[in-house]
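Counting convention: from 1, in listed order, for ligands and their atoms alike. Residues: numbered from 1 along the sequence shown. These numbers were taken from a predicted model, which means no experiment stands behind them.
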Amino acid sequence: MTDPLAPNPIQTVAILTLGCKLNQAESESMARELVAAGCRVVDRPAAADAFIINTCSVTHVADRKSRHLVRLARRLSPGAAVVLTGCYAETAGQSLRELTGADLVVDNRDKTEVVRRLLALRPPVCHDGAAFRPPAEAGRLRTRAFVKAQEGCNDVCAFCIVPFTRGRERSVPVAEVVAAVRAREAEGVQEVVITGTQLGAYGRDLGSGQGPYALIRALLAETAVPRIRFSSLQPQDINERLLALWEDPRLCRHFHLALQSGSDTTLRRMRRRYTLDRYRQALALIRSHVPEAAVTTDVMVGFPGETEGEFQETEAFCREAGFAGMHVFPYSRRPHTTANLLREHVPEPVKKERLARLLAVARESARAFRSRLVGRTASVLWEEAQPAPAGGLPVWEGLTDTYVRVFLPSGQGLRNRLTAVRVLGLTDEGVLAEPLP
Ligand code: F3S
């Protein structure tokens, strides 16, 4: 006889992820654990027996989205268990339970415990292990996988909450990163994205000779996954020795270097560890060693004290830099940061206006980068297809190694395949292509 007071067992778990690639890497690990325990995992809002909400706290908007996802989960499945983890769980702490009505709040330090604690609260419905297959929704896991190599940051920039939410720098030993990549390779993954809070600081805590160079060299020598993407670096990490590794075409020609501001005075107030000149040198080095590389960036507008003149320097620098993509966002006051204590906060309407101006530069710059592909060939890793419009073919979407989104009408099953295409023209978000014969 079933115990009416026993909690409902879980079968389907929705993992909803906000924030950065590090969060995505950690969500993927949780998904793997759940699948191994016999659960079905979905990664978008849908009715489910349990929700894991992996939150972000980088801006107040991220906090708001995190709270919104809890309400959404409650609406979709009123009886479901809701677990909150990630950086918002870290900043807001256990008060989040009362605020949101979540069943469990697990901070970043205990993130590897999330699945165990959820399953202790609500045991999984057992599957017939032999018959069980990972669900189609988890299939994205087999196309591109995020592998965590590092966490934490010792830099303490004036605006950034991440040193508080993620703590001091810790690196995953090379052998463990290699093993994780090999495991993904065995699953048929075509691209791994190596992630970290501060990847350039990789290995500093592991001893001499353990930096990003050693990590990438080991990955190239000891794995065979077709594409390796290194998710982000800082200008001061870029040097000729490191870039020489990009002679291997398995390394994606994509560098994400956060700029934050194109004004030296603002960079100093932000306590960034580079000058504009150093950033320019890094761009020049990348372009001389890795022709046609995509450089993408993050830029913040409205940091406290940012004058119109400083903003114009940022605008001018972004036009000059030729970024393939820019993530532009307004400064947001964060607790536990020194910038929060500054007096000269930029009024919201001014921030809004600067944001719009810089977004226009971002659109133009990305378009200029994509237009250089028109008429040329490219190799694309295909992810998913939009259903066919009446009388037409499904439209496949995939990415080049330079992170350009490619659309291709095709009746073939292209998922998780790398194929060559010719680029025909631009779309709003990417490029349109045709298959090569
Ligand atoms: Fe957000 Fe935490 Fe990543 S604040 S950006 S999820 S390190």
Side-chain angles (χ1 to χ4, degrees), residues 15-31 43 51-70 83-93 95-96 100 102 105-114 144-172 193-202 205 229-234 256-260 270-272 296-301 303 325-340:
I15 303 184
L16 309 180
T17 308
L18 294 169
C20 58
K21 293 189 169 72
L22 195 54
N23 258 15
Q24 292 183 43
E26 290 162 339
S27 287
E28 282 189 13
S29 298
M30 292 185 235
D43 60 3
F51 289 81
I52 295 174
I53 304 176
N54 196 0
T55 62
C56 172
S57 193
V58 76
T59 59
H60 67 277
V61 178
D63 289 354
R64 199 165 62 217
K65 282 187 190 160
S66 305
R67 293 192 298 271
H68 164 76
L69 285 181
V70 184
V83 185
L84 270 179
T85 188
C87 292
Y88 185 44
E90 187 73 39
T91 51
S95 67
L96 263 187
T100 61
V105 174
V106 182
D107 58 29
N108 274 340
R109 253 165 320 188
D110 295 328
K111 220 173 192 179
T112 52
E113 290 280 295
V114 167
R144 291 197 316 141
F146 294 87
V147 171
K148 175 161 117 178
Q150 189 273 350
E151 178 175 17
C153 181
N154 293 358
D155 279 359
V156 201
C157 296
F159 55 82
C160 188
I161 197 170
V162 172
F164 176 80
T165 61
R166 293 280 182 177
R168 312 272 305 165
E169 292 165 0
R170 280 109 57 214
S171 307
V172 180
V193 185
I194 306 297
T195 65
T197 313
Q198 190 67 286
L199 267 184
Y202 176 83
D205 54 318
R229 196 180 296 276
F230 217 60
S231 76
S232 64
L233 286 166
Q234 294 222 53
H256 187 81
L257 301 186
L259 173 68
Q260 305 302 4
M270 289 176 162
R271 286 210 306 264
R272 300 292 286 173
T296 56
T297 198
D298 301 324
V299 189
M300 174 185 290
V301 297
F303 181 75
M326 291 167 59
H327 171 54
V328 184
F329 58 103
Y331 167 77
S332 171
R333 292 181 81 149
R334 299 283 68 203
H336 316 288
T337 63
T338 50
N340 193 30

Let me check your reading of the structure: within less than 2.8 Å of atom 3 (Fe) of ligand 1, is there an N/O/S atom from Cys56?
no
Is the closest heavy-atom distance from Leu22 to ligand 1 below 4.0 Å?
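Leu22: no contact with ligand 1 (<4.0 Å).
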Please confirm whether Ser57 comes under 4.0 Å of ligand 1, counting heavy atoms of the residue only.
yes
Can you tell me how far the CE atom of Met30 sits from the CD1 atom of Ile52, to the nearest 0.5 Å?
6.0 Å
Nearest-neighbour protein heavy atom for [atom], which is reported as residue plus atom name and distance:
{"atom": "atom 6 (S) of ligand 1", "result": "Asn23 ND2, 3.4 Å"}
{"atom": "atom 7 (S) of ligand 1", "result": "Arg166 NE, 3.4 Å"}
{"atom": "atom 2 (Fe) of ligand 1", "result": "Cys87 SG, 2.2 Å"}
{"atom": "atom 3 (Fe) of ligand 1", "result": "Cys20 SG, 2.3 Å"}

Atom of [X], atom of [Y] and distance for their closest heavy-atom approach:
{"X": "Glu169", "Y": "Cys153", "value": "CG-CA, 3.7 Å"}
{"X": "Asp155", "Y": "Gln234", "value": "OD2-NE2, 3.5 Å"}
{"X": "Arg144", "Y": "Glu28", "value": "O-OE2, 3.8 Å"}
{"X": "Ser66", "Y": "Ile53", "value": "O-CG2, 4.5 Å"}

Verdict with supporting geometry, Asp63 and Ser57, side chain to side chain donor-acceptor pair (under 3.5 Å):
CA-CA 5 Å; Asp63 289 354; Ser57 193; 2.8 Å; yes
